[in-house]
Amino acid sequence: QVQLVESGGGLVQAGGSLRLSCSASGRTLGSYAMGWFRQAPGKEREFVAAFSRSGGSTYYTNSVKGRFTISRDKAKSTVYLQMHSLQVEDTAVYYCAAGGNSRKGLTVVAAYDYWGQGTQVTVSS
């Protein structure tokens, strides 16, 4: 198993940047595919970005391509989501997730077994 703890959320003005961190414990990051999801009030949890287990492939939802970057630091057992040019529409609770069930791809909640507690990102106009 793996335990995930997100941090780095906060309040930022539109156009600004934030870097979210997901600290993992229990197993090495290489044991899991890693994903970032977000959930705004009243909406379904949606895919944002993901790493394949090997880290060799990354995936992004169209709305964040070119603005967000997922990365990892194996030595620190941490996955990051660097967010630039933030928009009000990016406001949500952001969750990191770990899993190995990718039969349907890494863009769905069902692909993941472990979830962090979430960190709030609020973008003001």
### Task
Taking Gln82 for its side chain and Thr69 for its backbone only, find out whether a donor-acceptor pair lies under 3.5 Å.
no
### Message
What's the separation between atom OG in Ser52 and atom CE in Met34, rounded to the nearest 0.5 Å?
### Response
12.0 Å
#### Entry: Arg72 atom CZ, over 12 foreign heavy atoms within 6.0 Å
yes
### Task
For Ala92 and Ala40, work out which heavy atoms get closest and say how close.
CB-N, 3.8 Å
### Query
Which pairs with one or both residues in residues 9-31 pass ring pair (Phe, Tyr, Trp, His ring centres under 6.0 Å), sequence neighbours excluded?
none
### Message
Please tell me whether Arg19 and Tyr80 have a donor and an acceptor in their side chains that are separated by less than 3.5 angstrom.
### Response
no
### Query
Is a side-chain donor or acceptor of Thr61 paired with a backbone partner of Val48 at a separation under 3.5 angstrom?
no
### Message
Taking side-chain contact (heavy atoms from CB on, under 4.5 Å) as the criterion, tell me which of Val123, Val12, Val121 meets it with Met83.
### Response
Val121
#### Entry: With sequence neighbours excluded, residues passing salt bridge (Lys or Arg N to Asp or Glu O under 4.0 Å) with Arg67
Asp90
### Message
When you compare the side chain of Gln117 with that of Leu4, does any pair of heavy atoms fall below 4.5 Å?
### Response
no
## Note on the structure
Tightest non-hydrogen contact, residues Ser85 and Ser17, listed as N-OG, 4.4 Å
### Query
Is Arg38 close to Arg45 at the side-chain level, that is, under 4.5 Å between some pair of heavy atoms?
no
### Query
What is the distance from atom CD of Gln87 to atom OG1 of Thr91, rounded to the nearest 0.5 Å?
10.0 Å
### Message
I'd like to know if the side chain of Glu6 reaches the main chain of Leu20, judged simply by a donor and an acceptor atom lying under 3.5 Å from each other, with no hydrogens or angles considered.
### Response
no
### Message
Applying side chain to side chain contact (heavy atoms under 4.5 Å, CB included) to Ser124 and Leu11, what does each step give before you reach the verdict?
### Response
CA-CA 7 Å; Ser124 62; Leu11 176 64; 4.3 Å; yes
#### Entry: Tyr60 side chain to Ile70 backbone, donor-acceptor under 3.5 Å
yes
### Task
Taking Thr107 for its side chain and Gly105 for its backbone only, find out whether a donor-acceptor pair lies under 3.5 Å.
no
### Value rounded to 0.5 Å, distance of OH in Tyr114 from SG in Cys96
13.5 Å
### Query
Can you list the other members of the hydrophobic cluster that holds Val109, where links are side-chain heavy atoms under 4.5 angstrom apart?
Phe37, Phe47, Tyr59, Val93, Tyr95, Leu106, Tyr112, Trp115
### Task
Mark yes or no for whether Thr119, through its side chain, and Gly9, through its backbone, hold a donor-acceptor pair below 3.5 Å.
yes
